[in-house]
Amino acid sequence: MNHELPPQTVTAHYLEQRLPQFKGNPLIEALPPPMTDESLLEALTLMPDYDPAQRQWSASERLMMLGTLQNFMVPMLKHTELCRALDSMLRTGYVGRAPKTPGHAAIFQSIYQKQMAGQTFAQTANSRTPQISTALIGLSGMGKTTTVQRWCAHLPKVIFHPEYNLYQIPVLHVEMPSDGSSIKGLAHGILQKIDELIPGANYYDMYAQRGRTGADTLMRGVARVMNLHLVGLLICDEVQNLANSKKGSQTVMTELVSAANDLKVPILFIGTNKAAKVLGTDFRQSRRSSGQGIAPWDRLLPGTASAPSEWDVFLEILWQFQWVRNPVALDPLLSRYMFDCSQGVIDLAIKLFAAAQARAILDGTETLTAELILDVYGEEFQLLHPMVAALRDDNLELLNQFDDIAPLNLQQHLEAAQRKLNLLKSPLFSVKASDETFAPRLSAGLQAMGVGEEEATSLAGEVASTNPDANLATGIKRAAAALSKPQPVKARGKAGKGKVVEVPVNKFDERPNDYRRAIAHAQANNVTVLRQLKDFGMAPRLEDVIDL
């Protein structure tokens with residue numbers, strides 16, 4: 001039957017379990033065994049396909065290789081602890097929920113009774129806090145979601161049990177609505193995700209009914225579908241979005257965790273520090289009592305020469321991936337600048353390292369220096385300066401203002417670098433004054449700007465002879481500056497009340513329709529450009545424009 005299943009679905013194969021509470025439960029027996037320490041480290045490790053010989057590749061190829069750092073990951077203690085906790089939550093949550101057992105049937109019965117009584121999950125829950133759930137809270141850019149996704153990758157998305165004719169979803173990963181809108185917004189997200197996973201499913205249309213279904217009814221439908229497809233672990237990402245809810249985040253949170261308790265489905269909440277306010281005191285207390293608590297993921301901090309920290313090890317490994325032609329060893333000064341500019345935020349450190357290499361490749365220095373790192377941080381990461389400063393000062397009040405700020409996308413930096421590289425290959429930059437085509441090209445460009453042929457040829461020859469290092473881009477700038485410079489010749493003109501004044505004659509006077517002529521004369525006559533445009537008849541009347 002395997003050939004009839006979609007690619008993301010596998011047919012269940014059962015492994016006998018040693019733990020008594022897991023024995024005979026097909027939902028647990030169909031899961032892959034827990035990863036060993038070695039396989040877990042291998043699954044979490046993500047490094048580029050790197051060879052030092054790549055440093056001799058073209059600039060364009062090396063910029064593309066820098067993009068492979070986007071998924072760079074070095075396993076740390078917090079990563080392995082999280083994966084162990086998730087594996088335990090998944091298996092423990094399936095206890096008492098095996099198909100065709102009283103426990104599984106009791107959940108359906110509970111949902112039905114609530115429907116008949118018109119009750120919500122929160123109204124009948126014995127506890128408003130999840131029993132075997134936890135939260136992963138921390139700064140943006142510390143790899144929370146990436147780690148969870150790497151762990152989820154070792155599990156089948158859907159397991160089909162032919163004996164029971166049931167589809168099992170081990171993990172369901174959804175994001176909270178960006179506006180924290182409501183229970184309905186979350187329910188819609190869950191139904192749409194299940195529709196993507198289950199062959200032929202159409203639960204969104206069945207239960208959402210184009211938005212006409214009430215929140216309580218919709219949530220009961222979601223609960224029924226989650227129980228039907230044996231969801232083992234619900235991962236709710238971007239929990240801080242609930243703080244944006246106009247109706248209050250507690251309503252959504254209470255309904256969600258109460259439903260999860262009834263379904264016996266554990267939940268992992270993922271969010272920034274702002275999410276801690278949303279989760280509330282009751283949830284934090286339950287984490288401590290459940291034994292599934294995960295410490296907040298804070299930034300990494302430097303160690304000492306005798307006792308290196310995880311930051312030091314991470315940076316030492318990252319530093320090996322240099323595509324500049326003149327690589328340098330990581331010394332204390334470079335390490336200090338990397339920390340000062342990233343404050344131990346993993347994602348920011350990776351992007352800073354890649355952006356600095358891109359700059360070195362483009363400007364031809366082909367090496368990393370402390371000054372370069374500081375310049376790149378100052379120019380390309382300005383958006384993050386307030387957040388980094390708050391981290392540097394350990395200002396918790398200020399940090400609360402930046403809980404949703406994530407480091408810029410690495411691909412944006414590399415695309416910008418690629419555009420600069422392409423621009424440098426353009427004739428505007430590559431054709432130098434020493435090239436015999438320089439003067440004709442510059443003259444043609446000036447003529448396109450409205451300069452007469454004779455004057456354009458003269459200016460182009462002058463720029464070529466006096467600026468041997470100029471390219472076409474700088475040549476046009478120099479020629480434009482020469483054109484706009486007033487000539488020493490004076491001409492007599494009349495001002496108000498018949499007073500005679502001397503006005504500088506500008507080369508633009510030879511081109512009566514050139515608007516730059518009005519700018520030059522406005523400065524000389526000390527009047528506004530608009531007034532001068534009107535005096536020259538170059539500013540049309542509004543009614544004339546409207547007629548056009």
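What's counted below: heavy atoms across the whole structure, side chains too, no hydrogens, waters or symmetry copies.
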Going by heavy atoms in the side chains, are Met65 and Gln54 under 4.5 Å from each other? yes

Side chain of His229, backbone of Met226: donor and acceptor closer than 3.5 Å? no

Quick one: does any side-chain atom of Arg55 pair with a main-chain N or O of Trp323 as donor and acceptor, under 3.5 Å? no

Output for pair (Ser335 OG, Asp312 CG), nearest 0.5 Å, gives 6.0 Å

Please test Ile346 against Met76 for side-chain contact (heavy atoms from CB on, under 4.5 Å), starting from the C-alpha separation and ending with a verdict. CA-CA 12 Å; Ile346 294 174; Met76 301 179 193; 3.9 Å; yes

Taking all non-hydrogen atoms of both residues, which atom of Ala356 and which atom of Ile373 are closest, and how far apart? CB-CG1, 4.3 Å

So do Leu31 and Pro170 actually touch side chain to side chain, heavy atoms under 4.5 Å? yes

Applying side-chain contact (heavy atoms from CB on, under 4.5 Å) to Thr134 and Ile267, what does each step give before you reach the verdict? CA-CA 7 Å; Thr134 189; Ile267 307 177; over 6 Å; no

Between Phe321 and Phe72, how do the two ring planes meet: parallel, tilted or perpendicular, split at 30° and 60°? perpendicular

What pair of heavy atoms forms the shortest contact from Met35 to Leu40, and how long is it? CE-CD1, 3.5 Å

Flag for Thr145-Asp237: side-chain donor and acceptor within less than 3.5 Å: yes

d(Leu19 CG, Asn25 CG) to nearest 0.5 Å is 12.0 Å

Would you name the heavy atoms of Val74 and Phe314 that are closest together and state the gap between them? CG2-CD1, 4.2 Å

Do Asp340 and Leu374 have side chains that approach each other closer than 4.5 Å (heavy atoms only, starting at C-beta)? no

Give the intermediate values and the outcome of side-chain contact (heavy atoms from CB on, under 4.5 Å) for residues Leu233 and His173. CA-CA 8 Å; Leu233 174 65; His173 191 164; over 6 Å; no

Does a donor on one side chain and an acceptor on the other come within less than 3.5 Å for Tyr204 and Glu196? no

Main-chain N/O of Leu197 paired with Gln8 side-chain donor or acceptor, under 3.5 Å: yes

Validation row: Lys157, Ile169 side chains within 4.5 angstrom (heavy atoms): no

I need the minimum non-hydrogen distance between Ala12 and Ala30, along with the two atoms involved. CB-CB, 4.1 Å

Check whether any side-chain N or O of Glu175 sits under 3.5 Å from a backbone N or O of Val239 as a donor-acceptor pair, and report yes or no. no

Counting N and O atoms only, with roles assigned by atom type, does the side chain of Arg62 sit under 3.5 Å from a partner on the main chain of Trp57, one being a donor and the other an acceptor? yes

With distance as the sole test, does Tyr94 use its side chain to make a donor-acceptor pair with the main-chain N or O of Leu230 at under 3.5 Å? yes

Leu27 and Ala98: which non-hydrogen atoms are nearest, and at how many Å? CD1-CA, 4.1 Å

Is there a side-chain contact between Ile159 and Thr9 in this structure, where contact means two heavy atoms from C-beta onward sitting under 4.5 Å apart? no

Are side-chain N/O atoms of His161 and Gln168 paired as donor and acceptor at under 3.5 Å? yes

Verify ring-ring contact (aromatic ring centres under 6.0 Å, His included) between Tyr207 and His188, making sure each step is shown before the conclusion. CA-CA 9 Å; Tyr207 290 102; His188 288 164; over 10 Å; no

Would you call Arg84-Asp37 a salt bridge at under 4.0 Å N-O? yes

Roughly how far, to the nearest 0.5 Å, is CD of Gln70 from CG of Asp347? 8.5 Å

Determine whether the aromatic ring centres of Tyr377 and Tyr337 lie less than 6.0 Å apart. no

Just wondering, are more than 12 heavy atoms of other shown residues or ligands nearer than 6.0 Å to CD in Glu42? no

Point-to-point distance, once rounded to the nearest 0.5 Å, from OG1 of Thr92 to CD1 of Ile28: 7.5 Å

Counting neighbours of CG on Asp49 that are heavy atoms of other residues, nucleotides or ligands and sit closer than 6.0 Å, is the number greater than 12? no

For a quick test of reading the model, state the closest non-hydrogen atom pair linking Leu368 to Leu334 and the distance between them. O-CD2, 4.5 Å

Value rounded to 0.5 Å, distance of OG in Ser140 from CH2 in Trp297: 13.0 Å

Hey, are the side chains of Arg224 and Leu228 touching, using non-hydrogen atoms and a 4.5 Å cut-off? no

Would you check if the side chain of Gln17 reaches a backbone N or O of Leu15 as a donor-acceptor pair within less than 3.5 Å? yes

Please check if the side chain of Ser88 supplies one atom and the backbone of Ala85 the other of a donor-acceptor pair under 3.5 Å. no

Using the ring of each side chain (for Trp, its six-membered ring), is Phe353 parallel, tilted or perpendicular to Trp319, with breaks at 30° and 60°? tilted

Run the numbers on Ile270 and Glu238 for side-chain contact (heavy atoms from CB on, under 4.5 Å), then give the verdict. CA-CA 6 Å; Ile270 306 176; Glu238 307 294 349; over 6 Å; no

Looking at Ser309 and Gly303, would you say the former's side chain and the latter's main chain have a donor-acceptor pair under 3.5 Å? yes

When rounded to the nearest 0.5 angstrom, what distance separates SG in Cys236 from CG in Leu136? 13.0 Å

Taking Lys144 for its side chain and Leu139 for its backbone only, find out whether a donor-acceptor pair lies under 3.5 Å. yes

Can you confirm whether Pro99 sits close enough to Leu166 that some side-chain heavy atom of one is under 4.5 Å from a side-chain heavy atom of the other? yes

Any non-hydrogen side-chain atom of Met47 less than 4.5 Å from a side-chain atom of Met73? no

Between the side chains of Glu310 and Lys78, is the shortest nitrogen-to-carboxylate-oxygen separation below 4.0 Å, so that they form an ion pair? no

